[in-house]
Asker: 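Please see the structure below; I have some questions.
For this chain, numbers begin at 1 and follow the sequence in order.
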Amino acid sequence: NLLRRTLQMKTILTGASGLIGSRFEELMFEKHEIIPLKADITAKESIHTSLLGINADVMIHFAAKTDVDACEADKEEDQLCIKHEFGEQFAFEKMDWDDSKWIKKNSAFSVNFIGTRNLYEIAKEKGMKFVYISTDFVFNGTDKYDEESKPEPINWYGMTKWYGERLINIENDLVVRLSFPYGYQSPVKPDFVQKLIGLLREKDEVGLIEDQTITPTFIDDIVNGLDFLLQKDAGGIYHLSGSSYENPYGMGKKICSALGLKTKINATTRDKIYVGKAPRPFKSVLINDKLTSLGFKTKTFDEGLSLITS
């Protein structure tokens, strides 16, 4: 196992076709023997079948249901199913679930919790290190947060991701929280900065939120940071997040300046933009000092923007 790590790590990816998973595959093909998992993660048997005869060093779990509003729409039915199985007290650590009601359901709880539990159990059976990709949305969005801060999700997406976190034995395995990933134009789908660039190019005038603070994170930093943690054989919770905090209004101004756009940007507020939407953590500031002290530095938004616009 150690010998293989000095050569090439055998790495299973869930969500390999997604924004970050596809970039990991693109950048890490020399350092990692990458095996994209092709399975319905809500069905344990499907995962077992896909991994038949396959042994690996690590499983990185990128796959998730991340559409915040779609997850919120799942909440009522998910909670009814949970209540039916457990009564009022949700014992999330309980492992003898009746999985049949969750298979192929594609709800937030089914994908983000049941799927994670299935993958984690199988990874441990096969002796793999497990990397759970989580989110800044496990916090309520009123403060700055380090790895010791207490999660307090305010929407169902954040709650189901936190349930997933609580399955992981952080003594040996990793929980890696990300925040607002962006980077080079991806063939998979545009990230939030690429969408913003498109909007600013198309419109003469736009309104962007000023009273929201986020931690934009360069996708290549995420990929390289994950490899860095794996090479260190790190365990625990890490914030793999950008090194600056921004608001969308200020980001829009910086993008216009970098690209020479004349678009007029008006400052607006979140209560006007998110009418009828799931609640969001509006001060989404992840502190990454723990990762920095280990020897890995992420880019500020200014640094990342200069790379993608030069």
Asker: Checking side-chain polar atoms at under 3.5 Å, does Asp74 have a donor or acceptor matched by the opposite partner on Tyr157?
Answerer: no

Asker: Are the side chains of Tyr182 and Leu305 in contact, using a 4.5 Å heavy-atom criterion?
Answerer: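 In short, these two side chains do not touch, never coming nearer than 4.5 Å.
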
Asker: Can you tell me which residue among Gln8, Met9, Met128 is in a side chain to side chain contact (heavy atoms under 4.5 Å, CB included) with Asp57?
Answerer: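 Of the listed options, the one satisfying the test is Met9.
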
Asker: Counting distance only, does the side-chain N/O of Thr215 pair as donor-acceptor with the main-chain N or O of Ser284 below 3.5 Å?
Answerer: yes

Asker: Quick one: sort the Trp156 and Tyr163 rings into parallel, tilted or perpendicular, breaks at 30° and 60°.
Answerer: perpendicular

Asker: Looking at Glu165, His61, His239, Lys161, which hits side chain to side chain donor-acceptor pair (under 3.5 Å) with Ser134?
Answerer: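 Looking at Glu165, His61, His239, Lys161, the match for Ser134 under the side chain to side chain donor-acceptor pair (under 3.5 Å) is Glu165.
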
Asker: Treating Ser244 as the side-chain partner and Phe301 as the backbone partner, does any N or O pair qualify as donor plus acceptor under 3.5 Å?
Answerer: yes

Asker: For the residue pair Thr298 / Asn288, report whether a side-chain donor-acceptor contact shorter than 3.5 Å exists.
Answerer: yes

Asker: When you measure from the side chain of Thr217 to the backbone of Gly242, do you find a donor-acceptor pair of N or O atoms at a distance under 3.5 Å?
Answerer: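 Here the side-chain-to-backbone pair exists.
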
Asker: Hey, are the side chains of Ile237 and Arg177 touching, using non-hydrogen atoms and a 4.5 Å cut-off?
Answerer: yes

Asker: Look only at the side chain of Lys126 and the backbone of Ile54, and say whether a donor-acceptor pair between them is shorter than 3.5 Å.
Answerer: yes

Asker: Any chance the side chains of Tyr120 and Asp173 put a donor and an acceptor closer than 3.5 Å?
Answerer: yes

Asker: Is any side-chain heavy atom of Phe228 closer than 4.5 Å to a side-chain heavy atom of Asn224?
Answerer: no

Asker: For the side chain of Lys65 and the backbone of Phe109, is there at least one donor-acceptor N/O pair under 3.5 Å apart?
Answerer: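 Between the backbone of Phe109 and the side chain of Lys65 there is no qualifying donor-acceptor contact (under 3.5 Å).
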
Asker: Can you tell if the side chain of Leu196 reaches within under 4.5 Å of the side chain of Leu208, non-hydrogen atoms only?
Answerer: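 Leu196 vs Leu208: side chains touch.
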
Asker: When you compare the side chains of Ser107 and Asp78, does any donor N or O come within less than 3.5 Å of an acceptor on the partner?
Answerer: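 Indeed, the side chains of Ser107 and Asp78 share at least one donor-acceptor pair under 3.5 Å.
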
Asker: Verify the distance criterion only: is there a donor paired with an acceptor across the side chains of Glu147 and Ser149 at less than 3.5 Å?
Answerer: no

Asker: For Thr263, is there any backbone N or O sitting under 3.5 Å from a side-chain donor or acceptor partner on Asp204?
Answerer: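 Judged by distance alone, no pair lies under 3.5 Å.
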
Asker: Would you tell me whether Thr42 and Asp40 have side-chain atoms, one donor and one acceptor, within less than 3.5 Å of each other?
Answerer: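 Judged by distance alone, the side chains do pair up.
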
Asker: Using 30° and 60° as the class boundaries, would you call the ring planes of Phe180 and Phe137 parallel, tilted or perpendicular?
Answerer: tilted

Asker: With a 3.5 Å distance limit and no angle check, can you tell me whether Gln79 reaches the backbone of Glu76 through a side-chain donor-acceptor pair?
Answerer: no

